[in-house]
Amino acid sequence: MLTVILPDGSEKSFENASSPADVAASIGPRLAKDALAAVVDQQIVGLDTQLPLSGRVHMEVLTKKDPRSLGVMRHSCAHIMARAVMRLHEGVQLAFGPTIEGGFYYDFDLPEPLTEEAFPAIEAEMRRIIALDEPFERIEESHSQALQVCRDLDQRYKVEHIESGLKDQETLSFYRQGEFIDLCRGPHVPGPKAIGAFKLLSIAGAYWKGDSSRKQLQRVYATAFFEQKDLEEHLNRIEEAKRRDHRVLGKQLELFTISPLVGSGLVMWLPKGATIRTQLESFVREELQKRGYQGVYTPSVGKTELYETSGHYPYYADSMFTPMKMEDEKYILKPMNCPHHIMIYKSRPRSYRELPVRLAEFGTVHRFEKSGELSGMTRVRGFTQDDAHIFCAESQVEEEFRGCLEMTKFVLQSLGLDSYRVRLGFRDPQSNKYVGSPQAWDTAQESLQAVCRGLGIDAQPEPGEAAFYGPKADFVVTDCLGREWQLGTVQLDYNLPSKERFNLEYIGADNQPHRPVMIHRAPLGSLERFIGVLIEHFAGAFPLWLAPEQVRVITVSEKSEEYGRQVEQLCRAEGFRVTGDYRSEKLGSKIRDARLELIPYLFVVGPRDAEDGTVSIRDRIEGEIGALKVPAAFSRLKDEVATRAVRQKHSGGPAIRERAINNEY
């Protein structure tokens, strides 16, 4: 007999073979009608899944009110989209069609390429399929039978995947709806009428299984919601995201450029962008000094043996630049800073009295990302990290880790990025990719959890998300559009100091050698990525303390140019980043130009201002402030800079990310 434990703790017993649909029906007809999927022992399954004949399971019925059911419905919509494409086009080869956060996609190989002009016809066919309301039927087959099914369907990509990626699976599942059948793990909603509203969004190229040496397929992105209003809100957020695209704003505001002649993924900072970066670096350096860090510099290359010793070379070899052979030695562009900092620690004997040793560097590193993964400043091949490494005694780990988390929180909140969660990346006990003993990992993971509890951080462990050398705490920041970005990180490392790696030591109070613990931390992470995120978060309208140009002096007419230049010089003497607009253009035109450049403050000056020693202030946020004496105007701005005030208007919304969910084989 099977016992099903429901969310409220109540239990139901079943003597015969049962499914989640049967459980929902036993609870009530309304729930049976509204049910879309179920969670059985923490796994989302379809309503037709066969439950065990005996034992005890925890089960929860999902309706459209539960966010978890949205992904199930979207995957069903992906199948309907694929079915519609196959109805409208001959010779369609299906690849993968998973859900992603914010929607779904399907990869196709077609004799003739699709264009977005085909979307209305595909959407119309999808609506016809939905109107038929044919159920999604799960079919289980043996490995050999599944292979034959795909051969009979002449689906070459599915055949290859069964023969290679799924070769160890004894049984496989398909889902059939009408004439359409597809290899799929599921789950699906019972029928297509659960789909309330959908929209095809875009087309992109995608290599089969992400391998650039394989054929390029066409990836059709789409989304679906239970309600039309939710779809409309989502589409509005997508349009807002396009408006904030850092690649577009970076060009318009002259912040950075990437030249094909220099190389893809290699960012060159233009003067205005360099100003933002300089301000951020100064801010972080100031905090580092307060917190006892020592600045260092390390070279941009290192011998291959250095990274072999650290373990990075075999682990990251595919994303490193090819080694250079010079005078019978191999060198590589620095892919990370930690081995260099380790060698600085090892440059002389260390005593327990020195610990902790905190070494910090804005170090530029290089990684050869695939060309298809490059994206503006957020995915590059050369980037600078606000990197630091702490070498401390075991007894100092929790205090040092706490200090790293506190600094990361402080930096993010100072930039108005106060909506974030902390993700603990832990070791997957079933994986062999990690180095070091399980005991050391357990100690490190327990330390991280203790620190988070002490800081009141509700951090949930995620097995399998650790670095290969130790557990970590990642700050996942939500921007003003609700998108999540992994930015700051703190990592605990018992591996690199080990005898098997760099054999780090310090002499303890007992005059005996001891092994230090290493902490890696970077509040901003990559400066390129971080500033790319900031551009989009602020839509290019940076707070005053970060703005490349803080003040623009604008003259009402040419008669006020002399006074305007005096005000400009006074601004510069007070430390403000300022320019003047003395053109013979109309005042309205000059103000409009400054607004398009998102200048925080405009000082408008005319003949009366020259007589009274005033400036008429226009604030980017509050609009026209009125005339103030020049010292009073400076005082207003200085207070805003000193407090690093973030005065921005944001719009909200749920996350728009692309991370495949494993509902495809």
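In this chain, numbering begins with 1 at the start of the sequence shown.
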> Sequence neighbours excluded, which residues qualify as ring pair (Phe, Tyr, Trp, His ring centres under 6.0 Å) partners of Phe475?
Replying inline: Tyr420
>> Over 60° means perpendicular and under 30° means parallel, so tell me whether His520 and His389 are parallel, tilted or perpendicular.
In response: perpendicular
>> For Asp318, I'd like to know if atom CG has over 12 heavy atoms of other residues, nucleotides or ligands within 6.0 Å.
In response: no
> ring-ring contact (aromatic ring centres under 6.0 Å, His included): which pairs involve residues 561-598, sequence neighbours left out?
Replying inline: Phe576-Phe634
> Which heavy atom of Thr99 sits nearest a heavy atom of His75, and at what distance?
Replying inline: CG2-N, 3.3 Å
>> Taking side-chain contact (heavy atoms from CB on, under 4.5 Å) as the definition, give me every residue that meets it alongside Ser319, ordered by chain and number, with sequence neighbours left out.
In response: Tyr316
> Pick one: which of Lys242, Arg483, Arg244 meets salt bridge (charged side-chain N to carboxylate O under 4.0 Å, His left out) with Glu536?
Replying inline: Arg483
Pair up each side-chain donor or acceptor in residues 538-555 with any protein partner under 3.5 Å, not counting sequence neighbours, and list the distances.
| unit_1 | atom_1 | unit_2 | atom_2 | d |
| --- | --- | --- | --- | --- |
| Glu549 | OE1 | Arg552 | NH2 | 3.0 |
| Glu549 | OE2 | Arg552 | NE | 2.9 |
| Glu549 | OE2 | Arg552 | NH2 | 3.3 |
| Glu549 | OE2 | Thr579 | OG1 | 2.3 |
| Gln550 | OE1 | Arg577 | N | 2.9 |
| Gln550 | NE2 | Leu544 | O | 3.0 |
| Arg552 | NE | Thr579 | OG1 | 3.3 |
| Arg552 | NH1 | Glu597 | OE2 | 3.2 |
| Arg552 | NH2 | Glu597 | OE1 | 2.9 |
| Thr555 | OG1 | Asp581 | O | 3.4 |
| Thr555 | OG1 | Lys590 | NZ | 3.1 |

>> Under 4.0 Å between a side-chain nitrogen and a carboxylate oxygen: does that hold for Arg647 and Asp619?
In response: yes
>> Do Arg74 and Phe225 form a cation-pi contact, if we require the NZ or CZ to be under 6.0 Å from the six-membered ring centre and within 45 degrees of the ring's axis?
In response: yes
> Any ion pair linking Lys229 and Glu233 (charged N to carboxylate O, less than 4.0 Å)?
Replying inline: no
>> Can you confirm whether more than 12 heavy atoms, excluding those of Arg595, are under 6.0 Å from its CZ atom?
In response: no
> Does a donor on one side chain sit under 3.5 Å from an acceptor on the other, for Thr384 and Arg277?
Replying inline: yes
> Hey, what's the ring geometry for Phe283 with Phe410, parallel, tilted or perpendicular (30° and 60° as the breaks)?
Replying inline: tilted
>> Check this for me, if you would: do Arg608 and Glu611 make a salt bridge, where the nitrogen-to-carboxylate-oxygen distance has to be below 4.0 angstrom?
In response: no
> Looking at Arg636 and Glu622, does any basic side-chain N land under 4.0 Å from a carboxylate oxygen?
Replying inline: yes
>> Tell me every residue that passes ring pair (Phe, Tyr, Trp, His ring centres under 6.0 Å) with Tyr331, counting only those two or more places apart in sequence or in another chain.
In response: none
> With sequence neighbours excluded, what pairs up with Phe108 under the ring pair (Phe, Tyr, Trp, His ring centres under 6.0 Å) test?
Replying inline: Tyr106
